[in-house]
Amino acid sequence: MNRQCCPLCGSTDYMQLYRSKKSPGPLVKCASCDFLFICPIEDTKALIEDGPVLSGQPIDLLNSSDLSHLTQWEKSLISNYMSEEYAKRKNAQSALQRISCTISPPGRLLDIGCFCGVFLDVAGQAGWTCQGVEPLLGPSIYARSHYGLNVVTNTLSEDTFEQGSFDVITSFQVFEHLVDPVRELRIINSLLKPGGIVVIEVPNLSVFAAKLFRGYHRHFVKDHLNFFNRRTLEKALEDSGFLPVDLWYPSRLMTAEHLLGWLRRLTGNAGSASHDENLSREPRASGFIKLNFRDIIAVVARKNIDA
């Protein structure tokens with residue numbers, strides 16, 4: 001996959017900065033808008049483009065809510081993720097509190113890239129009528145089975161939902177993975193009601209740690225293609241028919257165990273602590289750490305009805 005132009009402004013004038021061993025290609029900087037992105041994309045094995053990711057499973061499982069359909073790999077992935085459920089619910093509540101400064105339930109909320117559905121379940125308990133989109137089959141099955149959520153197993157397209165049907169659309173840690181993030185924003189705009197809002201959360205490289213560690217920074221991984229900062233994220237939203245109304249740098253609550261596992265991986269030591277595959281464990285409520293490196297950025301933007 002060879003991107004020939006900046007995915008934000010379309011310019012073909014950019015310069016290569018460096019190549020991270022963990023990235024699918026070299027990091028370049030657009031000479032026109034200063035957007036940082038991977039170009040060319042040399043390794044596509046970890047990328048999700050169009051359509052659901054079935055991992056070898058039959059297509060007739062797209063609407064399944066039966067956990068027995070999960071593969072061993074999916075069980076391990078979900079178990080590891082859900083071992084932090086308590087912290088993830090607290091993080092979701094923090095995001096919803098920020099969103100409520102702009103818009104409050106009742107209303108319809110869509111979460112793009114909802115994974116196992118933790119945020120959607122918290123939003124539903126807060127009064128929103130929720131739907132989700134998730135391209136990975138296993139997490140979609142889990143979200144439907146464990147939380148009873150309405151989740152479409154697919155990537156987002158123009159005809160996935162009725163236009164003008166949502167009050168809020170959220171997308172947490174998704175836009176760094178997209179080949180064409182502006183196209184996704186324009187689809188989101190079409191799905192929102194007049195005055196509806198979008199909430200985007202992405203990694204932020206405009207921090208000292210990113211300059212210090214360069215290609216070894218934690219945001220360089222095998223499926224990250226785009227690297228936003230405040231200015232480029234707001235530009236992407238404005239060019240797609242939105243008016244940014246709020247911006248913040250979210251903190252993250254996590255267990256000490258999760259933090260130590262991340263540090264081990266960062267320093268190249270073997271793996272994190274293993275987790276059993278009990279998909280219905282009770283979330284823990286102690287032993288947590290709150291961190292904020294300001295290398296995550298979140299923006300709320302309202303659909304511009306005059307655009």
Side-chain angles (χ1 to χ4, degrees), residues 21-24 43-49 51-92 111-122 132-149 151-155 172-174 176-177 203 218-224 252-289 291:
K21 293 181 179 179
K22 299 178 181 180
S23 292
D43 183 356
T44 63
K45 292 192 294 292
L47 303 187
I48 298 173
E49 296 182 64
V53 179
L54 298 175
S55 301
Q57 296 275 62
I59 198 168
D60 58 7
L61 296 184
L62 281 178
N63 298 313
S64 172
S65 57
D66 186 347
L67 292 178
S68 70
H69 291 146
L70 297 179
T71 65
Q72 195 66 28
W73 175 82
E74 289 168 332
K75 288 179 181 178
S76 297
L77 174 72
I78 294 169
S79 177
N80 184 65
Y81 181 86
M82 294 304 294
S83 69
E84 293 286 304
E85 182 183 6
Y86 180 85
K88 292 181 185 301
R89 295 186 76 87
K90 290 295 184 182
N91 292 332
D111 188 29
I112 300 170
C114 67
F115 203 60
C116 291
V118 174
F119 174 81
L120 279 178
D121 186 61
V122 174
V133 176
E134 171 54 49
L136 298 179
L137 178 61
S140 301
I141 291 175
Y142 183 88
R144 290 189 288 263
S145 173
H146 187 70
Y147 293 122
L149 294 168
V151 173
V152 175
T153 305
N154 212 330
T155 51
F172 299 98
Q173 305 285 320
V174 170
E176 64 271 24
H177 301 272
R218 70 187 186 112
H219 288 326
F220 289 103
V221 294
K222 59 187 177 179
D223 56 352
H224 281 189
R252 280 291 183 268
L253 190 69
M254 64 185 70
T255 61
E257 178 185 12
H258 180 83
L259 176 61
L260 289 173
W262 173 72
L263 290 173
R264 281 194 292 267
R265 292 190 296 274
L266 184 67
T267 56
N269 294 327
S272 60
S274 61
H275 299 283
D276 62 51
E277 292 175 5
N278 177 11
L279 299 181
S280 59
R281 66 161 58 85
E282 288 297 318
R284 291 174 292 179
S286 61
F288 288 91
I289 299 169
L291 297 174

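Note: hydrogens, waters and symmetry copies are ignored here, and every other heavy atom, side chains too, is used.
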Asks: Atom CZ in Phe119, atom CZ in Phe172: separation rounded to 0.5 Å?
Replies: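 If we round to the nearest 0.5 Å, Phe119:CZ and Phe172:CZ are 4.0 Å apart.
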Asks: So, Asp111 side chain and Leu120 main chain: donor-acceptor pair closer than 3.5 Å or not?
Replies: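 No, because the side chain of Asp111 does not come within donor-acceptor range (under 3.5 Å) of the backbone of Leu120.
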Asks: Looking at side-chain heavy atoms only, is the closest gap between Ile141 and Leu70 below 4.5 Å?
Replies: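 Yes - at least one pair of side-chain heavy atoms lies under 4.5 Å apart.
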Asks: Could you tell me how the ring of Tyr147 sits relative to the ring of Tyr142: parallel (under 30°), tilted (30 to 60°) or perpendicular (over 60°)?
Replies: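 Tyr147 vs Tyr142 ring planes: perpendicular.
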Asks: Shortest non-hydrogen contact from Ser140 to Glu134?
Replies: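 Answer, listing the atom of Ser140 first, then Glu134: OG-O, 3.2 Å.
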Asks: I'd like to know if the side chain of Arg144 and the backbone of Val151 have a donor-acceptor N/O pair within less than 3.5 Å.
Replies: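 Between the backbone of Val151 and the side chain of Arg144 there is a qualifying donor-acceptor contact (under 3.5 Å).
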Asks: Quick check: closest heavy atoms across Ser145 and Ser65, and the distance to 0.1 Å?
Replies: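 Nearest pair, atom of Ser145 first, then Ser65: CB-O, 3.0 Å.
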Asks: Is there side-chain contact between Pro52 and Pro135, with at least one heavy-atom pair below 4.5 Å?
Replies: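 With C-beta onward as the side chain, the pair stays apart.
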Asks: Under a 3.5 Å distance rule, please check whether His177 uses its side chain to pair with a backbone N or O of His224 as donor and acceptor.
Replies: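 Looks like no, no N/O pair under 3.5 Å.
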Asks: Is there a side-chain contact between Leu54 and Ile59 in this structure, where contact means two heavy atoms from C-beta onward sitting under 4.5 Å apart?
Replies: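 With C-beta onward as the side chain, the pair touches.
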Asks: Just jot down the side chain to side chain contact (heavy atoms under 4.5 Å, CB included) partners of Ile289, sequence neighbours excluded, or say none.
Replies: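 Result, side chain to side chain contact (heavy atoms under 4.5 Å, CB included) vs Ile289: Ala256, Leu259, Leu291.
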Asks: Evaluate the criterion side-chain contact (heavy atoms from CB on, under 4.5 Å) for residue pair Asp60 and Leu62; output intermediate values, then yes/no.
Replies: CA-CA 5 Å; Asp60 58 7; Leu62 281 178; over 6 Å; no
Asks: Working to the nearest 0.5 angstrom, can you tell me the gap between Lys75 NZ and Ser68 OG?
Replies: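 If we round to the nearest 0.5 Å, Lys75:NZ and Ser68:OG are 8.0 Å apart.
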Asks: Identify the two heavy atoms, one from Gln57 and one from Leu137, that lie closest to each other, and give their separation to 0.1 Å.
Replies: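 For Gln57 and Leu137, the tightest heavy-atom pair comes out as CB-CD2, 3.5 Å.
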Asks: Which atom names give the shortest non-hydrogen contact between Gly132 and Cys114, and what distance separates them?
Replies: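 Minimum heavy-atom contact is CA-SG, 4.0 Å.
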Asks: Would the distance check show the side chain of Ser83 and the main-chain N or O of Asn80 forming a donor-acceptor pair, the cut-off being under 3.5 Å?
Replies: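 Yes.
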Asks: Answer yes or no: is there a side-chain heavy-atom contact under 4.5 Å between Gln173 and Pro203?
Replies: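 Of all side-chain heavy-atom pairs linking Pro203 with Gln173, at least one is under 4.5 Å.
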Asks: Is the backbone of Lys45 close enough, under 3.5 Å, to the side chain of Asp43 for a donor and an acceptor to pair up by distance?
Replies: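 A pair under 3.5 Å: yes.
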Asks: Would you call Thr71 and Ser55 a side-chain contact if the rule is heavy atoms closer than 4.5 Å?
Replies: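 Side chain of Thr71 against side chain of Ser55, heavy atoms only: no contact under 4.5 Å found.
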Asks: Which heavy atom of Thr155 sits nearest to which heavy atom of Ile48, and what is that distance?
Replies: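 Scanning both residues, the minimum pair turns out to be CG2-CG2, 3.9 Å.
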Asks: For Lys88, which of Val122, Leu253, Val118 qualifies under side-chain contact (heavy atoms from CB on, under 4.5 Å)?
Replies: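 In the set Val122, Leu253, Val118, the residue that makes a side-chain contact (heavy atoms from CB on, under 4.5 Å) with Lys88 is Val118.
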Asks: Find out whether the Lys NZ or Arg CZ of Lys90 is both under 6.0 angstrom from the six-membered ring centre of Phe288 and within 45° of the ring's axis.
Replies: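 No, Lys90 does not sit over the ring of Phe288.
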Asks: Can Asp66 and Ser64 be counted as having a side-chain donor-acceptor contact under 3.5 angstrom?
Replies: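 Judged by distance alone, the side chains do not pair up.
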Asks: Any donor and acceptor pair, going by atom type alone, linking the side chain of Glu84 with main-chain N or O of Thr255 inside 3.5 Å?
Replies: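 It does hold such a pair.
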Asks: Provide the closest heavy-atom pair for Asp223 versus Ala46 in the form atom of the first, atom of the second, distance.
Replies: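 Looks like CB-O, 3.7 Å.
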Asks: When rounded to the nearest 0.5 angstrom, what distance separates NE2 in His146 from CG in Leu67?
Replies: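 Nearest 0.5 Å value for the NE2-CG distance: 9.0 Å.
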Asks: Does the side-chain contact (heavy atoms from CB on, under 4.5 Å) test come out yes or no for Glu74 and Leu136, once each step is laid out?
Replies: CA-CA 9 Å; Glu74 289 168 332; Leu136 298 179; over 6 Å; no
